[in-house]
Amino acid sequence: MTSIRFIAPMALAIILASNGAFAASAEEGKTAYVKNGCWGCHGFVGQGGSAGPKLAPDPKPLDFMAAFIRHTNGTMPPYSEKILSVEDLASIHAYLRSIPKSADAKSIPLLN
Ligand code: HEC
């Protein structure tokens, strides 16, 4: 009988905490993205630039992104854990995931 009175608030607390953590990490990810200079090549909202491809919306999965960022040896410099922490990398991914898609051209009257 005591269990439901205990579990319900716990479940609520976990839901609230995890939502908060996601919002915070996308926000922190934006900071890490700017601080680490990703924007210089990939644009401020991951739209891509003259030097780097588009990263958002719909970024590749975190596993792929992490492996690429740590080990790339092409034009993009690799970022070791000393430079970019695991947390910052995950936050950057959350930030890129939080970037909305742009409007469909068909929904813009001037273009139709
Ligand atoms: C000096 C320019 C430069 C900087 C700074 C840079 N990138 Fe890149 N990035 C590139 C280029 C160019 C590529 C394309 C692959 C290549 O040529 O190395 C790339 C590829 C990627 C890819 C793979 C994209 C795909 O679709 O395969 C990811 C993910 C990525 N960058 C994330 C980041 C993040 C996150 C940062 C910051 C921590 C960052 N990059 C900083 C230039 C840059």
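Read the numbers this way: they start at 1 and go in the same order the structure lists the ligands and their atoms.
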Less than 3.5 Å apart, which donor and acceptor atoms pair up between the side chains of residues 37-48 and the rest of the protein, not counting sequence neighbours?
unit_1 : atom_1 : unit_2 : atom_2 : d
W39    : NE1    : V34    : O      : 3.2
H42    : ND1    : P53    : O      : 2.7
Q47    : OE1    : F44    : N      : 3.4
Q47    : OE1    : V45    : N      : 3.1

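A donor-acceptor contact shorter than 3.5 Å links the side chain of Y79 to the backbone of N36. Side chain of N112 to main chain of A105: a donor-acceptor pair is present (N/O by atom type, distance under 3.5 Å, no hydrogens or angles).
In this structure, the side chain to side chain contact (heavy atoms under 4.5 Å, CB included) partners of A103, at least two apart in sequence or on a different chain, are S107, I108. Every residue two or more places apart in sequence or in another chain that forms a side chain to side chain contact (heavy atoms under 4.5 Å, CB included) with L96 is listed here: Y33, L55, A56, P59, M65, I92, I99.
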Quick check on ligand 1: any N or O pairs to the protein under 3.5 Å? One line per pair.
unit_1   : atom_1 : unit_2 : atom_2 : d
ligand 1 : 7 (N)  : H42    : NE2    : 2.8
ligand 1 : 9 (N)  : H42    : NE2    : 2.8
ligand 1 : 17 (O) : T75    : OG1    : 3.3
ligand 1 : 18 (O) : T75    : N      : 3.3
ligand 1 : 18 (O) : M76    : N      : 3.2
ligand 1 : 26 (O) : K60    : NZ     : 2.9
ligand 1 : 27 (O) : K60    : NZ     : 3.2
ligand 1 : 31 (N) : H42    : NE2    : 2.9
ligand 1 : 40 (N) : H42    : NE2    : 2.8

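In this structure, L62 and L89 have side chains that are in contact, with non-hydrogen atoms separated by less than 4.5 Å.
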